[in-house]
Peer 1: 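Could you have a look at this structure, given as structure tokens, before my questions?
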2 protein chains.
Amino acid sequence: MTIAVKRALSLLDLFSESVPEIGLSDAARLSGHDKATVHRLLNTLREAGLIEQNTGSKLYRLGPAVLHLARLREATFPVIAVVQPMLDALAEETGETAHCSLYTNNALAVIATTESKRANRVSMRGSETLPFHATASGLAFLAFAAPDVVARAMALPMVAFTPNTMTTQAELTAALTETRRLGYASIDKSYEGDVCGIGCPIFGSDKAAVGAIAVATPCHRLTAELQAVITRAVQSSARELTRKLGNALPM
Amino acid sequence: MTIAVKRALSLLDLFSESVPEIGLSDAARLSGHDKATVHRLLNTLREAGLIEQNTGSKLYRLGPAVLHLARLREATFPVIAVVQPMLDALAEETGETAHCSLYTNNALAVIATTESKRANRVSMRGSETLPFHATASGLAFLAFAAPDVVARAMALPMVAFTPNTMTTQAELTAALTETRRLGYASIDKSYEGDVCGIGCPIFGSDKAAVGAIAVATPCHRLTAELQAVITRAVQSSARELTRKLGNALPM
DNA sequence: ACCAACGGTTTACACAGTGAACCACACAAA
DNA sequence: TTTGTGTGGTTCACTGTGTAAACCGTTGGT
């Protein structure tokens with residue numbers, strides 16, 4: 001129901017860091033809907049300010065309303081303002097790239113990052129939504145998420161980003177069990193080659209995970225010692241963030 | 001057309017700094033639609049992550065998706081990152097509160113502010129969307145906005161926020177003419193008592209205004225000298241911002 | 001115990017949204 | 001020039017979706 005609204009909102013997901021602007025025909029193709037339909041939906045979104053149109057190229061892009069809404073949410077329910085300093089500290093402490101993501105629209109959306117100061121570092125550019133089965137954030141979140149969320153996530157196709165990516169539900173289930181046991185998740189070259197990740201869940205008001213904090217490092221640098229440092233730092237950051245957001249840890 | 005989508009998106013406008021969370025019944029009342037309708041629309045928005053629901057109180061609030069979308073827009077088309085330092089400089093130079101707003105949804109949405117460091121200063125809290133006829137930003141924007149935007153804005157009711165607020169279209173038209181002549185707009189206790197404002201338009205790619213920069217001060221502090229300083233600073237900031245956004249000034 | 005307000009759900013029916021087919025235009029290749 | 005293929009945008013008959021009245025189950029105040 002309300003499939004028109006769903007369609008309209010799904011158009012917002014067409015935009016990404018690599019595809020910041022999009023034309024009518026492309027939008028119709030990518031969304032799988034008719035051009036006329038997409039045109040009307042885009043216009044409606046434009047009237048609301050959620051997208052705007054480049055007067056010259058006619059291409060559509062995200063509009064000023066999203067800035068206003070985000071500002072409003074931050075003003076009344078700050079998350080980024082709380083997370084960003086923690087990520088900065090995390091990156092400083094571990095020397096590696098840290099990021100935070102929240103569950104949205106059946107995926108994890110990155111809402112803040114702090115990149116390592118090193119020349120050879122993991123960059124978060126272009127990967128603004130994280131797949132569940134291939135990232136430490138995804139595993140950490142999913143292991144502690146609400147059942148219906150898990151069910152919907154498990155129904156997604158498991159794309160093999162690298163030869164190391166797990167692609168069967170059995171593997172994923174086992175990984176989630178292990179994650180629950182350890183309290184954190186780690187992946188090894190399963191999303192991008194030569195990148196390792198360690199992530200912990202952030203909990204919401206109903207004791208289910210709402211997102212994750214993770215640190216990503218070039219694999220060759222990840223000694224057992226560094227891994228221990230990162231794990232401890234990420235865990236304590238995630239706990240602190242959950243607490244700062246006014247929620248309690250489960251159990 | 002697409003009235004369902006319009007309704008859904010209009011629900012997002014119910015949220016404000018003073019009303020960050022809202023229940024189903026209130027949402028139905030405020031939006032003027034049926035409870036069932038609003039409930040389905042809110043659920044659809046929730047699925048998309050644009051709003052989320054407090055599991056305890058059942059109240060709805062803006063969701064994490066807005067943070068993600070805003071981050072995405074800033075990453076590919078930075079505005080706040082460009083404006084904020086300019087507002088900081090403006091506030092520093094004038095000693096007063098500076099803010100920037102963009103046209104959205106038939107109103108001006110504040111997207112960034114820097115408050116004065118003084119004890120007695122103008123606070124922007126609670127006024128996250130600005131009326132056209134009562135604020136310097138509104139007049140500055142409207143004086144240089146596209147004709148259809150002006151028409152829609154003029155059709156809005158002109159609420160009298162203070163005894164000084166202009167309430168007739170004739171006054172507004174005259175004020176816009178004067179604003180066009182001067183190149184900037186100023187108001188005197190017309191939105192909030194004892195607050196004066198001076199604003200300049202920001203231009204977009206089609207030589208029409210897309211927003212405004214303004215400085216607000218307690219009226220008693222606004223000497224002729226300070227007014228001259230502010231006017232000059234705001235004008236140059238607005239010009240610089242238009243240029244930095246990759247657009248040209250009209251004429 | 002009562003009542004009123006809340007959030008949420010069900011239902012038949014009306015009307016809003018869909019999409020095939022249709023322009024007008026721009027650019028490239030003949 | 002003509003033709004072809006790509007845009008973005010518009011029209012209109014049909015149909016399936018969203019609407020709103022009436023309904024339930026809880027909660028909280030009196």
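Chain A is the first sequence line, chain B the second, and so forth, proteins listed ahead of strands; every chain is numbered from 1.
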Peer 1: Using the side-chain hydrogen bond (donor to acceptor under 3.5 Å, both in side chains) criterion, which residues pair with A:Glu178? Sequence neighbours excluded.
Peer 2: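 Listed in chain order: A:Arg181.
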
Peer 1: B:Ser236: what forms a side-chain hydrogen bond (donor to acceptor under 3.5 Å, both in side chains) with it, not counting sequence neighbours?
Peer 2: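 side-chain hydrogen bond (donor to acceptor under 3.5 Å, both in side chains) list for B:Ser236, sorted by chain: empty.
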
Peer 1: Rounded to the Å, how far apart are B:Ile3 CD1 and D:dT19 P?
Peer 2: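 It works out to 6 Å between those atoms.
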
Peer 1: Sequence neighbours excluded, which residues qualify as salt bridge (charged side-chain N to carboxylate O under 4.0 Å, His left out) partners of A:Asp26?
Peer 2: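 In terms of salt bridge (charged side-chain N to carboxylate O under 4.0 Å, His left out), with neighbours along the sequence ignored, A:Asp26 is linked to A:Arg29.
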
Peer 1: Does any pair with a residue in residues 58-80 of chain A pass salt bridge (Lys or Arg N to Asp or Glu O under 4.0 Å), and if so which ones, sequence neighbours excluded?
Peer 2: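 Applying salt bridge (Lys or Arg N to Asp or Glu O under 4.0 Å) to every pair that reaches into residues 58-80 of chain A, excluding sequence neighbours, yields A:Glu21-A:Arg61, A:Glu52-A:Arg61, A:Arg73-B:Glu52.
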
Peer 1: What's the angle between the local helix axes at either end of the helix from C:dA1-D:dT30 to C:dA30-D:dT1, using five pairs per end and rounding to 10 degrees?
Peer 2: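 The two end axes of the helix from C:dA1-D:dT30 to C:dA30-D:dT1 meet at 40°.
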
Peer 1: Test of understanding: with side-chain hydrogen bond (donor to acceptor under 3.5 Å, both in side chains), list the residues that count as partners of A:Ser101, not counting sequence neighbours.
Peer 2: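 In terms of side-chain hydrogen bond (donor to acceptor under 3.5 Å, both in side chains), with neighbours along the sequence ignored, A:Ser101 is linked to no residue.
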
Peer 1: How long is the line joining CG of A:Leu42 and P of D:dT7, in whole Å?
Peer 2: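 About 15 Å, once rounded to whole Å.
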
Peer 1: What's the closest nucleotide to the B:Arg7 side chain, out of D:dA20, C:dA16, C:dG19?
Peer 2: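 That would be D:dA20.
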
Peer 1: For B:Thr165, give me all partners under side-chain hydrogen bond (donor to acceptor under 3.5 Å, both in side chains), at least two apart in sequence or on another chain.
Peer 2: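 Listed in chain order: B:Thr162.
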
Peer 1: Let me have a per-nucleotide readout for nucleotides 5-11 of chain C, 5' to 3', with B, S or -, counting only protein heavy atoms under 4.0 Å.
Peer 2: -SBBBB-

Peer 1: Please evaluate residues A:Arg40 and A:Asn43 with respect to the criterion side-chain hydrogen bond (donor to acceptor under 3.5 Å, both in side chains), reporting the C-alpha separation (whole Å), side-chain torsions for both, the decisive distance (0.1 Å), and the verdict.
Peer 2: CA-CA 5 Å; A:Arg40 269 179 307 107; A:Asn43 263 332; over 6 Å; no

Peer 1: Which residues in residues 9-16 of chain A have at least one heavy atom lying under 4.0 Å from any atom of DNA chain D?
Peer 2: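 The answer is none.
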
Peer 1: Does A:Tyr184 have any ring-ring contact (aromatic ring centres under 6.0 Å, His included) partners at least two apart in sequence or in another chain, and if so, which?
Peer 2: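 Per chain and number, A:Tyr184 pairs via ring-ring contact (aromatic ring centres under 6.0 Å, His included) with no residue.
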
Peer 1: Only pairs under 3.5 Å count here: list side-chain donor-acceptor contacts from residues 132-156 of chain A, not counting sequence neighbours, and write none if there are none.
Peer 2:
from: A:His133; atom 1: NE2; to: A:Val159; atom 2: N; distance (Å): 3.3
from: A:His133; atom 1: NE2; to: A:Val159; atom 2: O; distance (Å): 2.7
from: A:Thr135; atom 1: OG1; to: A:Pro131; atom 2: O; distance (Å): 2.9
from: A:Thr135; atom 1: OG1; to: A:Gly138; atom 2: N; distance (Å): 2.9
from: A:Ser137; atom 1: OG; to: A:His99; atom 2: NE2; distance (Å): 3.3

Peer 1: Just to verify, what does B:Ala48 make a side-chain contact (heavy atoms from CB on, under 4.5 Å) with, not counting sequence neighbours?
Peer 2: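 B:Ala48 satisfies side-chain contact (heavy atoms from CB on, under 4.5 Å) with A:Leu9 only.
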
Peer 1: Would you mind reading off the distance between A:Leu45 atom CG and C:dG17 atom P, rounded to a whole angstrom?
Peer 2: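 From A:Leu45 CG to C:dG17 P: 13 Å.
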
